[in-house]
There are 2 protein chains.
Amino acid sequence: MSRLNELRLIARVAQMYHLEGRRQSDIAQHLRISQATVSRMLKKAQQEEIVRTTIVAPPGTYTDLESKLRERYGLSEAIVVECSEDRDGAIMARIGEAAAHFLEATLQSDEIIGVSSWSETILKMVQNIDPGKASKAKYIVQTLGGMGDPAVQTHATQLITRLARLTGAEPRLLAAQGVAQSREAKLVMLSDPYVRETMDLFPKITLAILGIGGIEPSSMLARSGNVFSSNELRDVTDAGGVGEFSLCFFDTEGRTVKTPLSDRVIGVSREELGQVERVVALAGGQSKANAIRGALCTGVIDLLITDKFTAARLTGAENSIVGEVEDEAV
Amino acid sequence: MSRLNELRLIARVAQMYHLEGRRQSDIAQHLRISQATVSRMLKKAQQEEIVRTTIVAPPGTYTDLESKLRERYGLSEAIVVECSEDRDGAIMARIGEAAAHFLEATLQSDEIIGVSSWSETILKMVQNIDPGKASKAKYIVQTLGGMGDPAVQTHATQLITRLARLTGAEPRLLAAQGVAQSREAKLVMLSDPYVRETMDLFPKITLAILGIGGIEPSSMLARSGNVFSSNELRDVTDAGGVGEFSLCFFDTEGRTVKTPLSDRVIGVSREELGQVERVVALAGGQSKANAIRGALCTGVIDLLITDKFTAARLTGAENSIVGEVEDEAV
DNA sequence: CTTATTAAAGAATATATATTCAGGAACAGG
DNA sequence: CCTGTTCCTGAATATATATTCTTTAATAAG
């Protein structure tokens with residue numbers, strides 16, 4: 001019976017503290033007990049579930065999917081964005097916005113940011129950065145050489161340069177092909193002092209921003225400006241490759257898939273990425289689910305920004321998200 | 001759109017703080033923002049009602065009735081106890097228990113406690129005090145002389161003495177009649193050095209514990225050991241008197257009701273009670289509702305301990321309490 | 001193109017809260 | 001009737017949190 005009286009007092013203390021917003025010392029004085037006791041009572045109130053705290057996720061946020069992603073793939077953070085339709089265009093736009101906000105909010109001074117230049121999602125991110133909202137970064141480092149068509153290279157250069165301007169950082173471009181014609185050609189390029197200088201920054205990158213690519217010959221070949229032959233791609237898929245970031249290929253379990261191609265890539269290595277403090281991946285869309293899953297299994301990625309549809313596929317919660325869900329195979 | 005991204009971040013911060021129990025600085029480090037920002041985000045989360053805190057009153061407690069009592073009568077605190085049946089015996093027992101716990105929990109060292117000796121509810125309180133749980137008080141002061149029958153006087157003395165022992169205090173008895181035969185008889189008693197000594201403590205009382213009495217001739221006369229005549233009581237009721245504490249009579253609005261009787265009472269005055277830091281009243285039961293209402297209106301009482309039925313009557317919430325409610329006139 | 005004004009953020013700091021510590025009492029087992 | 005043990009306090013203190021202050025930059029008005 002006196003337990004009830006004790007709980008009543010605790011409930012009253014909790015009421016004064018949480019609902020009336022009074023200070024503990026004020027409550028203590030009011031009830032002629034010590035502040036320490038009030039603090040202990042409040043702790044007990046939590047334990048006894050006399051106070052219950054609920055987080056109401058704002059509509060359009062997917063706290064649960066984010067939690068599942070974090071737990072399942074050991075991510076440091078996950079951001080799942082609302083997206084009305086499961087179309088790549090819309091998805092990339094939403095992810096880009098979220099990534100831009102994330103960058104604005106959490107960018108620290110003097111960071112060295114590595115960017116794998118030619119992902120469309122990253123482009124969307126850059127387009128959405130509010131100039132001045134992001135604090136000063138030090139360098140924006142291009143972590144992968146350009147691809148084929150000089151026009152595309154220009155885009156990459158512009159993306160890096162623009163991001164550098166937005167963050168007040170110095171751009172460090174990688175004036176080289178992403179994929180050299182041969183191992184020898186790669187060595188030649190590496191001997192270029194400018195290339196070297198940029199690549200020497202790779203181990204100093206504090207924040208890497210990656211796109212994740214799938215390996216469907218069609219898009220891959222197109223994107224790469226026909227640097228790869230169909231045969232080379234088949235080598236990758238034959239070895240189990242399901243996707244890549246910065247042209248580091250991996251299989252479903254996230255294991256590195258090494259092919260002759262690997263030796264020709266000029267860009268940041270998986271090992272170097274593993275050393276980076278924060279690796280952020282931006283990716284979403286039906287076709288990429290498998291690639292993303294593999295990427296997450298590499299353990300390289302700290303933070304994933306994706307859309308709700310992809311998040312649902314990745315967590316096996318296809319049927320639990322609000323709104324229409326397609327039962328696309330994963 | 002970026003507002004959503006901001007809210008998402010806030011929700012995540014709230015989640016980490018409230019659900020995962022992480023420190024703000026930890027969260028700040030995790031998200032690469034300053035602790036100050038986390039603090040601000042958490043405040044915003046409250047404002048935006050992303051975090052909702054609820055106090056779940058333990059079953060058997062009546063937070064709502066307590067709030068209403070506090071608000072309606074300007075009480076510092078109110079305690080409403082559970083009580084299965086609306087019977088005076090059960091009610092007094094429950095109130096006594098609650099009062100005992102209250103005293104144990106909130107008694108400070110070196111307090112001077114005034115007790116109006118002959119209320120049965122107070123007796124129940126004393127019976128329920130856990131020896132040693134209450135900290136040391138200084139004096140237990142009897143604030144009203146004994147009533148009629150010497151046997152009853154003995155009870156009063158025992159109550160005071162016992163409470164004194166339980167709290168490690170020194171008992172200060174009022175060796176006098178509660179109601180003198182005449183004004184002259186009162187003056188005689190007041191000249192007694194022991195009586196004087198105790199009464200000199202009245203202004204120094206830091207905590208007064210009162211019972212509240214109604215004025216039905218039957219019980220009142222019985223209780224008083226026929227000190228009052230029916231006529232005297234009629235004087236009181238004719239003047240609008242509805243109740244008393246420490247034989248200070250008042251009407252429905254809490255105004256003092258002064259009759260010739262008043263000059264014969266030997267006990268603490270209403271004015272002296274008004275000066276006391278904490279005045280606790282213990283009272284409940286159908287028959288006393290009106291008296292309690294008047295008592296609360298005097299403004300003398302800081303804290304009321306009562307039962308749920310009485311509380312409901314006092315707040316006009318007869319129909320809103322859980323369980324059976326009698327529609328007794330108030 | 002200036003010059004207020006506002007907003008937002010982190011560093012420094014003030015304030016509030018949690019925890020450690022020491023003391024006292026109850027209890028159990030010698 | 002003693003211990004040793006546990007539990008419970010409040011005082012002192014360590015720690016965490018809120019706020020102030022200052023800087024920076026954006027926006028609006030002149």
Side-chain angles (χ1 to χ4, degrees), chain A residues 2-3 5-7 9-10 13-14 16-18 20-48 51 53 100-111 128-137 165-169, chain B residues 2-3 5-7 9-10 13-14 16-18 20-48 51 53 100-111 128-137 165-169:
Chain A
S2 194
R3 166 157 174 83
N5 285 311
E6 191 196 342
L7 289 183
L9 188 55
I10 289 176
V13 167
M16 288 195 271
Y17 187 77
H18 292 289
E20 298 169 18
R22 301 222 249 163
R23 317 272 86 167
Q24 290 184 5
S25 49
D26 175 31
I27 297 169
Q29 198 169 9
H30 184 76
L31 296 178
R32 324 288 161 135
I33 53 186
S34 70
Q35 176 267 319
T37 302
V38 173
S39 177
R40 288 180 187 121
M41 282 177 164
L42 287 169
K43 185 189 260 184
K44 191 154 192 177
Q46 302 266 142
Q47 291 166 350
E48 303 276 352
V51 294
T53 310
H101 179 263
F102 169 80
L103 206 66
E104 288 166 8
T106 76
L107 187 60
Q108 311 206 264
S109 320
D110 295 325
E111 288 216 71
N128 276 287
I129 290 178
D130 193 343
K133 280 256 174 91
S135 56
K136 300 288 175 218
R165 203 165 336 107
L166 286 167
T167 57
Chain B
S2 194
R3 165 158 175 84
N5 284 312
E6 191 196 343
L7 289 183
L9 189 55
I10 289 176
V13 166
M16 289 195 271
Y17 187 77
H18 292 289
E20 299 170 18
R22 301 223 247 161
R23 316 271 86 163
Q24 290 185 5
S25 49
D26 174 31
I27 297 167
Q29 198 169 8
H30 184 77
L31 296 177
R32 324 288 161 135
I33 54 185
S34 69
Q35 176 267 319
T37 303
V38 173
S39 177
R40 289 179 186 121
M41 282 176 163
L42 287 169
K43 184 190 260 184
K44 192 155 192 177
Q46 302 265 141
Q47 290 166 351
E48 304 275 351
V51 294
T53 310
H101 179 264
F102 169 80
L103 205 66
E104 287 167 10
T106 76
L107 186 59
Q108 310 208 265
S109 319
D110 297 324
E111 288 216 70
N128 276 288
I129 289 177
D130 192 342
K133 280 256 175 93
S135 56
K136 300 287 174 219
R165 203 164 337 107
L166 286 166
T167 57

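Just so we're on the same page: letters track the sequence lines, and every chain starts at 1. Computed over heavy atoms, backbone and side chain alike; hydrogens, waters and symmetry mates excluded.
Between B/Gln46 atom CD and D/dT17 atom P the separation is 13 Å, expressed in whole Å. Per the geometry, CD belonging to A/Gln108 stands 14 Å off P belonging to C/dA9, to the nearest Å. Rounded to an integer number of Å, the gap from A/Arg22 CZ to C/dA16 C1' is 16 Å. Between the CD1 atom of A/Ile10 and the C1' atom of D/dC8 there is a distance of 13 Å, given to the nearest Å. Note: CG (A/Asp26) to C1' (C/dT15) measures 14 Å, nearest angstrom. Separating the CG atom of B/Leu107 from the C1' atom of D/dT9 is a distance of 13 Å, rounded to the nearest angstrom. The distance between atom CD of B/Glu104 and atom C1' of C/dA26, rounded to the nearest whole Å, is 14 Å. Between A/Met16 atom CE and C/dT17 atom C1' there is a gap of 16 Å when expressed in whole angstrom units.
By the 4.5 Å heavy-atom criterion applied to side chains, B/Leu9 and A/His101 are counted as neighbours. Contact of the A/Arg32 side chain with the B/Leu107 side chain is not registered, since no non-hydrogen atoms from C-beta on lie closer than 4.5 Å.
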> Base, backbone or nothing for each nucleotide of nucleotides 18-24 of chain D, written B, S, -, heavy atoms under 4.0 angstrom, 5' to 3'?
Replying inline: BBB----
When the side chains of residues 33-44 of chain B are checked against the rest of the protein, which donor-acceptor pairs come out under 3.5 Å, sequence neighbours left out?
{"unit_1": "B/Ser34", "atom_1": "OG", "unit_2": "B/Thr37", "atom_2": "N", "d": "3.2"}
{"unit_1": "B/Ser34", "atom_1": "OG", "unit_2": "B/Thr37", "atom_2": "OG1", "d": "2.9"}
{"unit_1": "B/Gln35", "atom_1": "NE2", "unit_2": "B/Gln24", "atom_2": "OE1", "d": "2.8"}
{"unit_1": "B/Lys44", "atom_1": "NZ", "unit_2": "B/Glu6", "atom_2": "OE2", "d": "3.3"}

>> Checking B/Ile27 against B/Tyr17 for the side chain to side chain contact (heavy atoms under 4.5 Å, CB included) test, could you report, in this order, the C-alpha distance in whole Å, the side-chain angles of both residues, the deciding distance, and whether it holds?
In response: CA-CA 8 Å; B/Ile27 297 167; B/Tyr17 187 77; 3.9 Å; yes
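Other residues, nucleotides and ligands contribute over 12 non-hydrogen atoms within 6.0 Å of the CD atom of B/Gln46.
For the atom pair CG (B/Leu166) and CG (B/Leu103), the distance works out to 9.5 Å, reported to the nearest 0.5 Å.
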